[in-house]
Every structure is written in structure tokens, then in C-alpha cells.
Protein chains: 2
Amino acid sequence: MPAAFSAEPPRTSATAEEEAYRHIQRALRLGRYKPGERLIPEDIAAEIGMSRMPVREAFRRLASDGLVVLRPNRGCVVAGLTVDELYETFEMRSVLEGLAVRLAMPRIDEDELDELDRLLDRMERAGKSGSSDWVVRHQEFHGRICALSQRPKLIHQISALHAVIEPYMRIWFDDVDKPLSAREEHAAVIAALRSGDAGHAEQMMQDHILGTAPMLAEFVTPSR
Amino acid sequence: MPAAFSAEPPRTSATAEEEAYRHIQRALRLGRYKPGERLIPEDIAAEIGMSRMPVREAFRRLASDGLVVLRPNRGCVVAGLTVDELYETFEMRSVLEGLAVRLAMPRIDEDELDELDRLLDRMERAGKSGSSDWVVRHQEFHGRICALSQRPKLIHQISALHAVIEPYMRIWFDDVDKPLSAREEHAAVIAALRSGDAGHAEQMMQDHILGTAPMLAEFVTPSR
DNA sequence: GATTGGATACGTGGATACAAAAATGTTTTT
DNA sequence: AAAAACATTTTTGTATCCACGTATCCAATC
């Protein structure tokens with residue numbers, strides 16, 4: 001999970017399984033493994049310096065998150081998204097983040113709006129230095145709003161959806177010349193928040209998210 | 001997952017882990033274990049006739065589903081819901097099932113509406129014979145509508161949320177003298193579907209689900 | 001030459017064994 | 001007598017080992 005979505009329960013001690021989970025998830029988010037590629041437990045275990053067992057258990061959780069597919073006796077492969085699945089993920093994001101915005105509204109004051117403006121600036125500046133920074137800042141922006149909803153499970157779900165689409169966000173951002181429209185889109189969301197109308201803000205967030213999907217859809221490999 | 005939500009990929013071969021997962025999930029849904037109760041891997045393993053290992057892996061998935069809590073070196077305990085978490089779960093259900101209804105709308109015809117009427121009748125009849133049947137029929141009703149959305153991941157998520165609240169639905173249904181209002185509630189949803197207005201149907205579904213939460217909230221043990 | 005059958009090698013799943021950590025009960029000390 | 005420290009027991013986490021299922025490769029046959 002990204003720092004932006006800090007919904008995870010505070011882990012007291014780091015077990016090997018936890019380390020494997022974080023390691024693999026991070027690699028997947030960065031697009032180090034391509035969709036369809038097989039993940040060999042032994043290799044990853046050797047990489048982190050542990051046995052296969054904790055890695056296998058990490059696979060289960062990653063499969064629950066939808067990041068890998070686990071077929072009996074056939075190992076673990078990176079879960080690519082079809083175009084349909086990408087749209088579906090954005091549909092779910094739209095209603096869940098819409099809900100988050102609506103619930104966050106009572107807690108949004110002038111200070112918070114200023115902070116969001118600052119995050120928007122950081123996002124734009126990061127956009128000039130590459131996809132990695134921009135994607136992180138972008139999640140930070142969405143994460144900040146979601147956090148205000150004060151709904152741990154909701155935040156967790158949204159975070160999981162972001163993890164699934166992150167690789168595609170990176171590809172998209174690297175390929176297209178840096179989207180300046182992104183600033184306007186997010187500025188519009190802030191404006192809606194400033195209006196104080198929860199229903200309107202929810203609608204704006206939904207529109208923003210659903211509007212992003214078609215841009216990414218082009219970069220989904222039509223394989224599978 | 002209940003038969004009503006058949007979003008799971010058809011399992012070809014049944015691994016031990018899969019069997020353990022289904023076994024424990026079923027037990028949790030039926031309320032066989034109380035919230036806070038510890039799940040002993042060895043006991044469950046012996047019960048199904050396998051070693052601790054597959055059970056441990058099943059625990060990981062159940063934790064991802066939010067059905068149990070897994071703390072390092074402290075084992076696996078059944079995840080009870082606080083009142084806040086119960087409301088949060090219903091909030092998420094409301095927007096996700098609302099989305100499902102909206103997306104299902106184009107595929108709802110007269111035959112489908114008749115089928116839903118039939119399911120409503122079965123639900124009411126089942127209500128006279130105990131909570132077990134009613135809860136199953138109730139999920140069947142919601143599952144039927146969700147299935148029409150033809151969104152596998154969405155269906156899966158909704159199904160997971162149902163699994164979390166199922167124990168509370170049973171307690172509520174057993175305690176309160178059988179809620180006749182439930183029929184009217186669901187009939188209203190069907191009526192909204194009949195109207196053909198996707199937005200209206202979505203709103204009705206949201207209202208229906210959010211309206212249910214306060215009734216269950218009374219039966220959440222204030223512990224934790 | 002293509003397709004099917006079988007043998008072999010590989011990888012996954014599960015069980016047992018071992019190590020580390022936490023919980024419990026007992027003893028000792030203040 | 002109460003509290004703290006220690007030892008014991010229980011339980012969890014990890015590693016190694018074995019068996020079975022799957023894939024691959026080669027040969028035989030059509």
C-alpha cells in the first residue's frame with residue numbers, strides 16, 4: 001500500500017510473510033513484472049533471503065488483492081487487466097471514492113482546501129520529472145481526500161484498487177506527453193469541495209475518475 | 001461464497017487450502033465461531049483431516065476478506081464488527097450494489113422482473129421457517145440483481161461484504177419477530193427496476209441498504 | 001510432415017520437523 | 001501477601017522433505 005493510503009493496521013513486528021508481501025507488491029506496482037509473467041517462489045525467496053513458504057503465503061494475499069492469479073498446481077502469474085476489467089475497476093473506484101468524498105465533506109475546512117491546493121502543485125511539479133513521482137503524488141492527492149472520510153475499510157478498498165491500476169497509470173503517463181488536463185480535472189474536484197455541496201462533490205469525483213478510464217484503456221495489451 | 005453470488009471462477013481441482021477456506025468461511029457465516037474467538041489451526045486441520053499448513057494459508061485469504069484478524073505470533077481471531085464498522089460496511093454495500101443495479105438496468109426485461117418477484121416470494125416463505133433459509137434467500141435476491149451487472153470483480157466485492165455481515169443478519173432475524181417490512185422494502189426495489197430509470201433504481205437500492213444498517217446495529221456487541 | 005502417445009524433468013502443494021516467540025504457572029524476593 | 005523474575009508449556013512461524021500433478025520433449029504412427 002502506498003504511503004498516501006495509510007489504512008493498514010500498524011504492524012508491530014515484521015514477519016517474513018509480511019516482508020515478502022510488501023516486496024512483491026512494490027515490484028508489481030512499479031511494473032517490474034509484466035502481466036502473464038510467472039512468479040517463481042524460489043527466485044523471490046532467494047531474492048529476499050527466506051524460504052519458499054512465506055512467499056507462497058504472500059501469494060495468497062496478493063491473489064485476494066487481485067494483483068496475481070493463482071491456479072492450482074500451475075503457479076502464480078501476474079494478473080493483467082482486460083479492457084473490460086480496467087473499466088470495471090474504474091467504475092468501482094468512482095462510486096467508492098465518490099462515497100469517500102461525500103463522507104469527507106463535513107471535515108473539509110479552509111486549511112484542508114489549502115493543503116489540497118499544495119498537493120495539486122506538488123503533483124504538477126512532479127509531472128515534469130517522470131511518471132514515478134507523478135503517480136505517487138497523484139495517489140497522495142486522492143489518498144488525502146479519502147483519509148478525511150475516516151472510514152478505514154473504505155480507504156483500504158480504494159487503496160487496493162489503486163494498486164491494481166498503478167502499472168497502467170505509469171505506462172500511460174510515460175507514453176502520452178505529460179497530461180496538463182490532469183491539473184484542471186483535479187482543480188475542478190477541489191472547486192467542488194469548496195462549494196460545500198456534498199452531492200455535487202461526489203458527482204464531480206465520479207466524473208473525474210470515469211473520465212480517466214478511456215485514456216488508460218488504450219494501453220491495455222489486448223492479450224488474454 | 002454463497003451460491004447466490006457465483007462470481008468465483010469454477011475451481012477445477014479442489015486443493016486442501018481451498019477446502020479449508022470454504023470450510024472456515026461457511027462456519028463463520030453460520031456464526032459457529034463468535035467474534036473475538038481464537039481459531040486454532042491444529043483443531044481445524046484435524047477437523048477437515050489435513051495439516052496446519054493449508055489452514056494457515058486459508059487464514060491469509062480470510063483475513064483479506066476481513067473475516068478474521070491475523071496478528072503476528074498471536075494467531076487468528078474472528079473479526080467482530082464495531083458499530084462504526086458495521087455502518088461502514090453498509091455504506092460500501094450501498095454504493096457498490098447501487099452501481100450494480102444501475103449497470104444491470106439495460107439487461108432487465110419482463111422475464112427478469114418476474115423472476116425477481118418469484119425470488120421475493122421464496123424469500124417471504126423462507127422467512128417463516130427460520131433465519132438460515134431467509135438469509136440465503138435474501139442473498140439470492142440481491143445476488144440475482146448484481147449478477148445482471150455482468151461485472152465479476154464488482155460481484156466478488158459485494159459478495160465479500162455480504163459474508164462479513166451475514167452473522168449479524170442471522171442474529172437480527174432470529175431475535176426480531178420476522179420483519180414483514182423486508183418484503184415491502186424489496187418490492188420497492190423491484191418497482192424501481194420496473195420503472196426503467198437507472199438513476200432512480202440506484203437511489204432506491206442505496207436507500208434500502210442504508211435503511212437496514214440501523215436495525216442490525218443494535219445487535220452488535222459493544223465490546224472491542 | 002503433422003499429430004498423438006509416453007517418458008522425463010520440473011514445479012507446486014502438503015506434511016513433518018525445527019526454531020522462536022508468547023502465554024502460563026511457579027517460585028522467590030521484597 | 002504482592003510483585004517480579006524465572007522456568008515450563010503452548011503456539012506460532014519458517015525450513016526442509018516428499019508426493020503428486022503438469023509441462024515439455026522425443027519418438028512412433030498415421
Side-chain angles (χ1 to χ4, degrees), chain A residues 8-25 27-28 33-80 223-224, chain B residues 8-28 33-79 223-224:
Chain A
E8 300 307 293
R11 296 277 167 180
T12 51
S13 67
T15 66
E17 186 274 342
E18 180 70 19
E19 193 186 340
Y21 177 77
R22 292 189 182 280
H23 179 91
I24 303 167
Q25 195 195 47
L28 289 171
Y33 302 111
K34 299 275 168 277
E37 187 176 343
R38 277 187 56 185
L39 294 181
I40 318 292
E42 308 223 308
D43 294 354
I44 296 169
E47 210 169 291
I48 328 180
M50 62 180 68
S51 88
R52 280 178 22 204
M53 198 61 64
V55 176
R56 273 181 47 183
E57 298 187 357
F59 282 170
R60 300 275 178 207
R61 262 166 71 190
L62 292 165
S64 270
D65 295 345
L67 294 174
V68 300
V69 175
L70 228 47
R71 283 185 317 187
N73 293 319
R74 293 224 210 144
C76 178
V77 297
V78 179
S223 65
R224 263 189 66 200
Chain B
E8 300 307 294
R11 296 279 168 181
T12 51
S13 66
T15 66
E17 187 273 344
E18 180 70 19
E19 193 186 339
Y21 178 76
R22 293 187 183 280
H23 179 92
I24 302 167
Q25 196 196 45
R26 179 177 170 78
L28 288 171
Y33 302 111
K34 298 276 167 280
E37 187 176 343
R38 279 183 52 193
L39 294 182
I40 319 292
E42 310 233 307
D43 293 355
I44 296 169
E47 210 170 291
I48 328 180
M50 63 181 68
S51 86
R52 295 188 301 131
M53 200 59 64
V55 176
R56 270 177 57 98
E57 297 187 359
F59 282 171
R60 301 271 180 214
R61 264 167 68 190
L62 292 164
S64 271
D65 295 345
L67 294 174
V68 301
V69 175
L70 226 50
R71 284 185 318 189
N73 293 318
R74 294 228 205 139
C76 177
V77 298
V78 179
S223 64
R224 260 188 66 203

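Residue numbers begin at 1 in each chain, while the letters A, B, ... track the order of the sequences.
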Just how far, in rounded Å, is [atom2] of [N] from [atom1] of [X]?
{"X": "Arg61(B)", "N": "dG13(C)", "atom1": "CZ", "atom2": "C1'", "value": "14 Å"}
{"X": "Glu19(B)", "N": "dG14(C)", "atom1": "CD", "atom2": "P", "value": "10 Å"}
{"X": "Leu70(B)", "N": "dA21(C)", "atom1": "CG", "atom2": "P", "value": "18 Å"}
{"X": "Arg71(B)", "N": "dT12(D)", "atom1": "CZ", "atom2": "C1'", "value": "13 Å"}
{"X": "Ile40(A)", "N": "dA23(D)", "atom1": "CD1", "atom2": "P", "value": "13 Å"}

Can you identify which nucleotide, out of [options], has its nearest atom closest to the [X] side chain?
{"X": "Arg38(B)", "options": "dT11(D), dG13(D), dT12(C)", "result": "dT11(D)"}
{"X": "Ser51(B)", "options": "dG13(C), dA15(D), dT16(C)", "result": "dT16(C)"}
{"X": "Asn73(B)", "options": "dA22(C), dC17(D), dA15(D)", "result": "dA22(C)"}
{"X": "Met50(B)", "options": "dA15(D), dT12(C), dA15(C)", "result": "dA15(C)"}

May I ask you to verify whether the side chain of Arg52(A) and the base of dG13(C) hold a donor-acceptor pair under 3.5 Å?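 When only heavy-atom distances are counted, Arg52(A) does reach the base of dG13(C) through a donor-acceptor pair under 3.5 Å.
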Taking only side-chain nitrogens and oxygens of Arg56(B), does any of them come within less than 4.0 Å of OP1 or OP2 of dG13(D)?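 Indeed, a polar side-chain atom of Arg56(B) lies that close.
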Report yes if a side-chain nitrogen or oxygen of Arg74(B) is closer than 4.0 Å to either non-bridging phosphate oxygen (OP1 or OP2) of dA23(C); otherwise report no.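 For Arg74(B), the contact criterion (side-chain N or O under 4.0 Å from OP1 or OP2 of dA23(C)) is met.
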Sugar-phosphate, base or nothing in reach of Glu17(B), heavy atoms under 4.0 Å: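 Sugar-phosphate only.
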Does a salt bridge link Glu57(B) with Arg61(B), judged by any charged N lying under 4.0 Å from a carboxylate O?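 Looking at Glu57(B) and Arg61(B), the cut-off is not met.
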Want to settle it: does Met53(B) or Leu39(B) sit nearer the 5' end of DNA chain D, counting the closest nucleotide to each?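 Closest to the 5' end, via its nearest nucleotide, is Leu39(B).
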What are the two closest heavy atoms between [X] and [Y], and how far apart are they?
{"X": "Arg52(B)", "Y": "Ala45(B)", "answer": "N-CB, 3.9 Å"}
{"X": "Ala20(A)", "Y": "Met50(A)", "answer": "CB-SD, 4.1 Å"}
{"X": "Val78(B)", "Y": "Lys34(B)", "answer": "CB-O, 3.5 Å"}

What distance do Arg22(B) atom CZ and Ile48(B) atom CD1 have between them, rounded to the nearest 0.5 Å?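 The distance works out to 12.5 Å.
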